[in-house]
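Have a look at the structure below, then the notes.
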Amino acid sequence: MSNSIEVLFSKFGVHCAYSIWVVKDGLEHVYPLFNPNGMAPPKTKRPKGERIQVIQAAGRSVVQLTYSQEYRVILLFSEDPSLDEDELSVLFSFLHKGYSEYSDETGRAKLARIVDSVRYTTASLDLEDVFANILTHTLDVISNADYGTLWLYDETKGKIICKASEGYQFEEIKEMEFTIGEGPVGHAFEVGVPVLITDPSDTEFHKVKRISKENKQRWGRRVEDITNVRSVIAYPIGLDDKIECVMYLGQMNSEQVLTNRDLWLLQIFTTQVGIAIRNAKQFANIKELNDTLMQRDAIHATLTDLSVRNLGTEKVIEALSQMTGQPLAFADLIVSEMIPATAVIPNGLSFSQLLSLIEREHQAARIEIGEKSEAILYPIRSGSVVLGCLIANSAQTLTRLGEQALEQGSTVLALERVQKQNVIAFFYKNQRELFDELVHTNDPDVLNEKADALGIRETGAFAVAMLQVSDCPNSQEAEAHIFRLIAELRSSAGALIQTIFGWQNKVILLAGVQGRAELALVEQKLDDVLAFRADEGKSYTLHGGIGSLVQSTSQIEQTYREAEIALTNPIAGQRNDRLVRYTDIGISRLFTSRNTEEVSKFLSDIFSPLSEVDRSDGTLEQTLLAYFASNRSAGETAAHLHIHINTLYQRLKRIEEVLGLSLKNADDALQLQLACYLRQRA
């Protein structure tokens, strides 16, 4: 790295002494990454929200690059290096690799702790010990939390009581009893979904802050009222559609509040926690289960070892195949690939058909396919998103131990595939940045550089197409849809696609074709994608637009802007079952979504006065629309409206009087004709 950074600084014209330092895990202690001149370490500054900060202090220049709350890089210069914004951005990207390695390392360490904690929670025969272990290891994984309690429904009392506490005086907190729906604990138990509160002023807080008078009186000095807590998670833990208990985590003292990422970690972790609770209950009556749990521990150790050593999904599938005694396959329904690559989807199903089948079954843990259950699917999900599924030839050959291996393996596979999604998302972000630079530059050298980086080559002609996903319930599902669309298009039209990436809720692709014939193939593939999703009645909507052909990379911006207009044009009559071509929308291209407000005002100026005169029947508006629809033929218009031609002339004269316009005036006639056109199209 030292040679590379020296070359980079040399290109930037930096000739002063410098050093590079790293701040990890939110601590203030800095670690030298590169310090050839023996410079004294810099004093760190708390990040202010900017990812790049330049600070002048004590005759030295400090550049702080903030990648996350846990990881910063500090560049220390003996004098002002005079770096501009572009050079600082290059440095940020250049040093991102260290953050990626740190993130991967800490992520896998956290994964190891998550999966390892399952082994500890299942190691005891005593249910109280299980609850204590759950809290201990949850606080190890969710390090932002200062304390935690675990609450169980007592059927004899009809109340939710505290069964374990970590960070609280248990003798004080165990006196509290919640009714269903009371406070964060009772609310989470009632609705069965997690509660995350990070601000006492938000709406979620007002839903759950109701506490009975009796419980308020039981707050002790060491038991903090919810209104004094900086952030709270109340997480219901269930099994077989039944809530077993609620985990309550609070943060009062640590700097970092609890986040959606903590919810995500708990989401994967708590599935195994529910299993641990069930197992602990079974231990009370079934001695044989002890041997089974020991075998589960061996399975867990094997899977954890594979995951922590980053051996990949292939090795996990291979190990699960050995544990279950039959060959298994994994269908990745995000990027449309089979593992191992030689495996095939049973019953001749496609990836999209397999996904539709699993989505129809909602949260089913296993799905039988074929008339005689020739194959069994074990869906792998992250929240509501289907990541893929394990495929077994037949459930009849699976032992209980084999089922348990699949159960634990599903958690590891979910984490593995989510990590892969994160890598893909980062790659698409880089592709978006390169493409954005390509369409905004006028420098031929920069244009060629970005085109090479994107893999764009001269093929004769180019066209940009866009697909937009709308009405998704959350960003995680939208991202999954984007990835699937890209995988499908790569599979069906990959030879004609120069570059393709996802950005926010859009898929952007650049087609490289020899002419109109090949472009028609690309358009047909996009039409097929849109039509399939419309026919399947998906829960989201999908629109598409494509620009016209251009002949060189310097014109890609033109076709990109045209694709945007085609995608967002509200007058084009677009539906979510066909591609909107820029070349087909005609005059409507003048009325993009950017001009919607002006179009509405223009239509109101013409038709509102007519509506006021018509009162309720709309006679004048219907007459005007019919007149221009008949190409201003009085005879055809009268016949269409079933009125005498003199009546038509009287109405037209009345329209001219109301609007103060004349149909004999070319400008006035054009204005009225355009208004009728927009009214009919909109």
Worksheet item: Would you find more than 12 non-hydrogen atoms of other residues, nucleotides or ligands less than 6.0 Å from His96 atom NE2?
Response: yes
Does any pair with a residue in [range] pass salt bridge (Lys or Arg N to Asp or Glu O under 4.0 Å), and if so which ones, sequence neighbours excluded?
{"range": "residues 453-462", "result": "none"}
{"range": "residues 334-346", "result": "Glu337-Arg417, Glu337-Lys420"}
{"range": "residues 81-93", "result": "none"}

Item to complete: Tell me whether the centres of the aromatic rings in Phe92 and Tyr67 are closer together than 6.0 Å.
Response: yes
Sequence neighbours excluded and cut-off under 3.5 Å, please list the side-chain donor-acceptor pairs for residues 444-454, or say none.
unit_1 : atom_1 : unit_2 : atom_2 : d
Asn448 : ND2    : Pro444 : O      : 3.2
Lys450 : NZ     : Glu437 : OE1    : 2.8

Cut-off 3.5 Å, side chains only: do [X] and [Y] have a donor facing an acceptor?
{"X": "Gln476", "Y": "Ser382", "value": "yes"}
{"X": "Gln671", "Y": "Asp667", "value": "no"}
{"X": "Gln558", "Y": "Glu562", "value": "yes"}

Side-chain ([X]) to main-chain ([Y]) donor-acceptor, under 3.5 angstrom:
{"X": "Ser630", "Y": "Ala626", "answer": "yes"}
{"X": "Thr559", "Y": "Gln555", "answer": "no"}
{"X": "Ser608", "Y": "Ser604", "answer": "yes"}

So, taking the atom named [atom1] in [X] and the one named [atom2] in [Y], what distance separates them when rounded to the nearest 0.5 Å?
{"X": "Ser548", "Y": "Phe462", "atom1": "OG", "atom2": "CZ", "answer": "13.5 Å"}
{"X": "Ile52", "Y": "Leu91", "atom1": "CD1", "atom2": "CG", "answer": "8.0 Å"}
{"X": "Ile456", "Y": "Leu434", "atom1": "CD1", "atom2": "CG", "answer": "9.0 Å"}

Worksheet item: Out of Phe427, Phe426, Phe435, which one pairs with Phe501 under the ring-ring contact (aromatic ring centres under 6.0 Å, His included) rule?
Response: Phe435
Item to complete: May I ask you to test the Ile546-Val580 pair for a side-chain heavy-atom distance under 4.5 Å?
Response: no
Discussion item. Are Val529 and Glu488 packed together at the side-chain level, in the sense that at least one heavy-atom pair is separated by less than 4.5 angstrom?
Written reply: yes
Got a list of side-chain donor-acceptor pairs under 3.5 Å for residues 477-484, not counting sequence neighbours?
unit_1 : atom_1 : unit_2 : atom_2 : d
Glu477 : OE2    : Ser384 : OG     : 2.4
Arg484 : NE     : Leu333 : O      : 2.6
Arg484 : NH2    : Val386 : O      : 2.5

Worksheet item: Got a sec, which residues hit salt bridge (charged side-chain N to carboxylate O under 4.0 Å, His left out) with Asp668, two or more places apart in sequence or on another chain?
Response: none
